[in-house]
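Data first, discussion second: the structure below is written as structure tokens.
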Amino acid sequence: MTRSISILGATGSIGDSTLDLIRGERGKWRVVALTANCAAKKLAELAREFGAEVAVVGDESSLEELREYLSGTGIEAAGGAQALCEAASRPADITVAAIVGCAGLAPTMAAIEQGNTVALANKEALVSAGEVMTAKVAQHGTTLLPVDSEHNAIFQCLQGNAVEDVRWITLTASGGPLRTKSYAELDATTPAQAVAHPNWDMGAKISVDSATMMNKGLEFIEAHHLFPVGLDRLRIVVHPQSVIHSMVEYRDGSTLAQLGPSDMRVPIASALAHPARMDTNCKPLDLTEIGELSFFAPDEERFPATRLAREAAHAGGAAPAVLNAANEVAVAAFLAGQVKFTQISAITARTLDNYAPDAPQTLDAVLAVDAEARTRAMHMLEPA
Ligand code: NDP
């Protein structure tokens, strides 16, 4: 039986991994919408290869180029924020939400409102919109499947169990490429060093988030919304080998863990095939080759981001959206060489101290908080 799929953020790292899985099962999938921001050529090539119904660039100035690449194919081309939402709201059996950042929020909400099953990679959307998004999921009876490897692991470990029986959910963190660096070394870190993740091959923004540990902070908030066991039952453990993707401990003392290679095709395949399984051609896990697994407590002196995220989660309301927006601005500034690595968390902390609006109750209100927090964070950018 053919299943239909849309991929928001098709030209990125998660998009690549998803399309690689679809490529292995070509006859089983019909591609509805593929989207990008400005990578018009790559998007057009993918749309042609997979025979997509529609291809959309978020950046309207890239639409002309997209149209040229798609001319004569019969594939619709569209551009702009509204077109992204329109594409996301087309019926599909599953929509992979893989736009990076809060830019993915409105299209993800459009897919949720359509009632499509949503495979969620775009953690910033859930962090920013929190209760607004989970309320929409409940209202429209949408199935939200976590793609983030940690949350996908937790989701798998929870199958057949009751949330009330959970004692702890443990998110594992690799610690990133800078795990063992001193504060002075962190201060002098270049963008190239920060994105050089030892285990995972990912987009630039999430790679920097892994280096600062904000990725784990965002995941802490994401887990809070996906698995409502209470913030006091969520914890983070550094596990440099990234073999155990997360764990759930139950009240009888049993701990279930999900293990796998550091390859996003595994959790994506788990979401695409849910509740069944599908083949991947990932390298099998060889535990004798890995030899040893190690675990450490996070160091929140050198990496304050997890503390900031935990505090924002406890504060609730608008705080996670402010945290996320400020972090996005600071990471972009770091990648552009405007601020130092250690300023990323400092700018995020100062924005949180400086801006505490009321809890947003609608998508528009979340976007307004996001926009204002960005403006304030941008004012704090200082030369590196
Ligand atoms: P990439 O940077 O590799 O790709 C991002 C995608 O989003 C691209 O298709 C990009 O288009 C598109 N995009 C960027 N900005 C906009 C915008 N303003 N409007 C519309 N589309 C936009 O990111 P990743 O694939 O690494 O990450 C995607 C999401 O998945 C993130 O939220 C990340 O946290 C999450 N995630 C990623 C993992 C990974 O292994 N990569 C693991 C777990 C979660 P274009 O190519 O044109 O710029």
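Just follow the structure's listing: the first ligand is 1, and inside any ligand the first atom is 1.
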Q: With Glu150 as reference, evaluate Ser242, Pro267, Ser246 under the side-chain contact (heavy atoms from CB on, under 4.5 Å) test and give the passing residue.
A: Ser246
Q: For the residue pair Phe227 and His151, categorise the inter-ring angle as parallel (less than 30°), tilted (30 to 60°) or perpendicular (more than 60°).
A: parallel
Q) Between the main-chain N or O of Glu289 and the side-chain N or O of Asp286, is there a donor-acceptor pair closer than 3.5 Å? A) yes
Q) Can Lys41 and Glu65 be said to form a salt bridge (Lys or Arg N to Asp or Glu O under 4.0 Å), step by step? A) CA-CA 8 Å; Lys41 184 166 189 277; Glu65 195 188 349; over 6 Å; no
Q) When you check the gap from the basic side-chain N to the acidic O, do Arg350 and Asp353 get nearer than 4.0 Å? A) no
Q: Ignoring hydrogens and angles, state whether a donor on the side chain of Asn327 or Asp209 is under 3.5 Å from an acceptor on the partner side chain.
A: yes
**Q.** Residues in the immediate environment of ligand 1 (any heavy atom closer than 4.0 angstrom)
**A.** Gly9, Ala10, Thr11, Gly12, Ser13, Ile14, Ala36, Asn37, Cys38, Ala39, Leu84, Ala98, Ile99, Val100, Ala103, Ala121, Asn122, Lys123, Glu124, Asp148, Met202, Gly203, Ile206, Met264
